[in-house]
Every structure is written in C-alpha cells, then in structure tokens.
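Following: one structure in structure tokens, then a few remarks.
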Amino acid sequence: MSLISLLSRTKLYWGLITIFLIGVFGSPISSKGNNIFLSYGNLLDVLRQVSTTGLIATGMTAVILTGGIDLSVGSLMAICSVVCAMLLTVPGVTPSAALGVPTTALVALCLGALLTRFILLNIEKSRAGADASRELRLDRVRGLVIPGVVGVILCCLSLWYLLPQVETKFGVLGVLLVAPCVGLLFGTINGFIIVAGRLQPFIVTLAMMVTALGVARLTAGQNNAVLPVYTGSNATAEFEILRSLVFGVVPMPGLFFLGAIVIYGAVLRFTPFGRYVYAIGGNEEAARLSGIAAGRVKIATYAVSGLLAGIAAVLYVAQYRQGKPDAGAGLELDAIAAVVIGGTSLMGGRGSLIGTFCGVLIFGLLSNILQLHNINSNLQLVLKGAIIIGTVLVQERNAGDLLSYLRLPNGRAAQKETAAAKRPSQETSSL
C-alpha cells in the first residue's frame, strides 16, 4: 500500500488529529500557566457536551446507511425530555404518564413477542441446516402462542413496575425505561409509514418533526415552556447519578455515548442485520431480490434512532436540569453534519460508526476551540458551516474538481463539453 493510499484511507483520523493539535497550540493559558484546552476538566466537558449529539448521530448513521434520513430526532428528543421531566417532578396521572406508561407496556409486549419468535426461528434454522432455512416456518405454538405469552408477561411486568410510581414520582430506572420507549414508538411509526406508504423519508420525518413538536407542547401544557428538575428537591436525588463521573474518570453521558457506539458498531459490523443495512443502502432492489426483508430492516433502523433519541433526552434533562418542548431544536442538523463529516455517504451503503465517532469529536472539539477564544456565536456558525463543506469535499474527493472548475477557462470549457455531450442525447430523444 502506497503512502498516498494510506493517507487517503486515514484522512478522517488525520483531520481529528489536526483539530486537536490546533486546540493544543492555539489554546489560551490560565493564570497558573496551564494549557486550558488540555486540562482534564475541559476535555471531560467536551465529551459531556458531545454525548447528546453523539447518541443522536449513532442512530442517524444506520438510517443514512440505508439511504434514508431522519429529521425528527430533535423533536423526538424534545418530547422525551418533557416526558422525563414531568415523570420525575409531578405525581399522579399526568399527560406524560398517560403517554409513557401505555407506550412502555406496548413496547414490552411487541418486543417480547418479536424477540422470542426470532430466537425460536433461529434455533429451528440451526437444526434444519442452511438448505432449508429460507423456506422454514414455525408452527402455531412456537410462532404465535409462545411469543404472545412472553410478550404478555413482559407487558404485565412493566405495568407492575411502573404503575406504583405514577402515584408518587418516577425514579431513575423508571424514566430510563419510559422515555426511550416513547422515542422508539415514534421512530417505529416513522419507519412503518416510510415502508408501508412507500414515501420519501425526508417528507415523513419532516412531518413527524412538526407532529412531535406539537405533541411535546401539548404534553408540557400551555404554561410550561420549561419543566425544571432539581434533584433532591422536586425530583429524586438519585437522578444526580446521570450527570456524575463514573469512578471519577468518565462522565456518565459519555459512558452512554461510548457504549452506544461500541454496541451498535458491533451489530453493524458483525451481524447479518448490519450486512443487510449496507446492502439496502447499496442497492435496495437487489437486496430485496436476494431475500432480504428490506422493509423490516429499515423500520428497525428508524426505531433504534428514536430509542437513542429517548436516551439522549434523559441525559439532557440530567445535564441541564430541565425538560422543554424545544430541547432538541436544530439537533438533527448537528447529528447529520457529524455523520457526514465522519465519511458516511448520504446516498447510503458507505460509512461506519467509527467515522461517526470521529465526526462527533471533530464537531465537539471545534466548538470548544471557538468558545475558548470567545469567538462571536454568529461567527461560530459561519466557521462551522465552512468547515463542514470543506470536510465533506475532502471526504468525497471532490475538492480537486471544485478547484479545477474555479479556473474560469477550464470551467467554461468543461461546461461546453458537458453541453456538447448532452446535445446528441437530446436530439435522439426528440426523434
């Protein structure tokens, strides 16, 4: 492998290293002569701040790999933050309890049944062998009765655990169960409409973005623009654990983000589901003809995207001590930018969660560097936009084409050649 080829394959990591070095050598110095950027507290703050965007970007990566897009994740995080904050602070049958508890029960029922059926089907496939696996069908007991019973048991267990908390206030595990289930339900609805209705993901998720924002405002109430959460006062003191340092080293939100990257990355890299995701993004029709249940895989990616948005909402409430209907405004754009910076193609079929991890860190380090230098917030947006464009041009290897086009004589010549190439095809089509 040549040096140029090696540099081309590792350019994302070189970009991350470059941003880091810029932060190191351009960092302000504290009164004690210490490098502020390299301080442990500052680097922990970077990891803490990128965790919410990172969780959203993790789910977004699989969606984009299938050739889709999810514009609703910001609003899904907002509604989940409202549900989380209200469950923590308001006892009784509130709109959040009325939405969250039945949703969790429904998710437990469906997931229990589907996972049980999946396990039984794979056990039967392993017994039957590879030749008969495609035509294999479960009998009524194993295909319907046993999964249904398991689903009902999990549904009852979830209600047994959650209903007593409705009359008091929810604890940490309660909101960590309910809020992600709400996000998962909305994400599943996204995927189902896209697949069953054969609609463009952009339109469906845009509609869901508006719908979820309205549901979040209705759930919070007209007089509740912000739902404050004070641990030890109006909410359980145990909720403070979600913003603490694990063993005094890693912030809890960062641990969730790293765990999501590792687990979902392993799923996409080593399981048939991951291979199906890449196959659908490469050529969905070919994937269908090869026997892949493309619709189910796409629904699953949108469901996981909503699930991770729900987890991000709980961490948002813990970090900022509030839930509000506009908590995730613009977050979907940051997540998409991080995914694209990480080398995932918007056309689908190419990318990885390692790249997304680097993209999230690049985005976070860049924001931190600009804040340390007290750059005007509006100018920060301009610089971020320019850097995103430049990074994507490098990732897609189109920077050279752009530079050659900017040379006016060559650019005009290229335009004439393109027009001349199109003219015969237009004349043929007119004939």
Side-chain angles (χ1 to χ4, degrees), residues 16 19-20 23-24 27-59 77 80-81 84-85 87-89 169-180 227-266 307-323 327-328 331 334-335 338 353-354 356-372:
L16 178 60
I19 290 290
F20 187 82
V24 171
S27 171
I29 304 299
S30 67
S31 57
K32 296 181 179 180
N34 298 323
N35 188 300
I36 297 178
F37 178 81
L38 277 180
S39 65
Y40 189 64
N42 181 66
L43 295 179
L44 283 184
D45 284 341
V46 172
L47 181 58
R48 187 188 298 273
Q49 290 169 6
V50 302
S51 296
T52 301
T53 305
L55 281 168
I56 301 293
T58 300
M77 197 195 87
C80 291
S81 75
C84 175
L87 291 177
L88 285 168
T89 59
K169 292 177 183 178
F170 275 63
V172 179
L173 293 179
V175 294
L176 277 174
L177 179 63
V178 173
L227 296 167
V229 177
Y230 303 118
T231 54
S233 176
N234 66 345
T236 175
E238 296 176 354
F239 195 64
E240 189 72 16
I241 194 174
L242 293 182
R243 65 192 311 270
S244 62
L245 293 177
V246 181
F247 302 115
V249 178
V250 182
M252 183 65 76
L255 197 62
F256 274 86
F257 171 43
L258 295 174
I261 285 287
V262 171
I263 295 172
Y264 209 13
L307 173 72
L308 292 175
I311 296 174
V314 178
L315 298 176
Y316 173 90
V317 174
Q319 182 171 346
Y320 295 100
R321 302 180 187 275
Q322 63 180 7
L331 190 60
D334 290 344
L353 276 177
I354 294 297
T356 297
F357 178 71
C358 292
V360 170
L361 289 183
I362 288 173
F363 217 70
L365 290 174
L366 175 62
S367 298
N368 183 255
I369 292 169
L370 295 176
Q371 290 171 5
L372 288 178

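What you see below is based on every heavy atom in this structure, not just the backbone, and it leaves out hydrogens, waters and symmetry mates. Note that the structure is a prediction, hence the values are computed from the model and not measured.
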task: Run the numbers on V360 and I261 for side-chain contact (heavy atoms from CB on, under 4.5 Å), then give the verdict.
output: CA-CA 11 Å; V360 170; I261 285 287; over 6 Å; no
With a 4.5 Å limit on heavy-atom distance, are the side chains of [X] and [Y] in contact?
| X | Y | answer |
| --- | --- | --- |
| S27 | L38 | no |
| L372 | F37 | yes |
| L365 | L16 | yes |
| F256 | L308 | no |

message: Within this structure, what is the CD1-CZ distance for the pair I19 and F363, rounded to the nearest 0.5 Å?
response: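 The CZ atom of F363 is 11.0 Å from CD1 of I19, to the nearest 0.5 Å.
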query: salt bridge (charged side-chain N to carboxylate O under 4.0 Å, His left out) with E238: which residues, sequence neighbours excluded?
result: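 With neighbours one apart ignored, the set is empty.
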Between [X] and [Y], what is the shortest heavy-atom contact and its length?
| X | Y | result |
| --- | --- | --- |
| V317 | G323 | CG2-CA, 4.2 Å |
| Y264 | L353 | C-CD1, 3.5 Å |
| V172 | V175 | O-CG2, 3.1 Å |
| G171 | L88 | O-CD2, 4.3 Å |
| A179 | C80 | O-SG, 3.3 Å |
| A335 | I56 | CB-CG2, 3.5 Å |

Heavy atoms of other groups near I241 CD1, more than 12 under 6.0 Å: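 No, because the 6.0 Å sphere around CD1 of I241 holds 12 heavy atoms or fewer from other groups.
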message: Does either side chain, that of N368 or that of D45, offer a donor lying less than 3.5 Å from an acceptor on the other one?
response: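 No pair is found: no donor N or O on one side chain lies under 3.5 Å from an acceptor on the other.
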Residues forming a ring pair (Phe, Tyr, Trp, His ring centres under 6.0 Å) with F357, sequence neighbours excluded: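 Here the qualifying residues are F257.
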message: When you measure from the side chain of S51 to the backbone of G254, do you find a donor-acceptor pair of N or O atoms at a distance under 3.5 Å?
response: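 Looks like yes, one N/O pair under 3.5 Å.
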Y320 backbone acceptor or donor facing R243 side chain under 3.5 Å: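 Answer holds: no.
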- request: Decide side-chain contact (heavy atoms from CB on, under 4.5 Å) for R48 and L315; before the verdict, give the C-alpha distance in whole Å, the side-chain angles of both, and the deciding distance to 0.1 Å.
  value: CA-CA 10 Å; R48 187 188 298 273; L315 298 176; over 6 Å; no
message: For T52, run the side chain to side chain contact (heavy atoms under 4.5 Å, CB included) check against L331, D334, I311 and tell me which one passes.
response: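 When L331, D334, I311 are each tested with T52, the side chain to side chain contact (heavy atoms under 4.5 Å, CB included) holds only for L331.
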- request: Show the numbers, then the answer: is there a side-chain hydrogen bond (donor to acceptor under 3.5 Å, both in side chains) between N234 and T89?
  value: CA-CA 5 Å; N234 66 345; T89 59; 4.7 Å; no
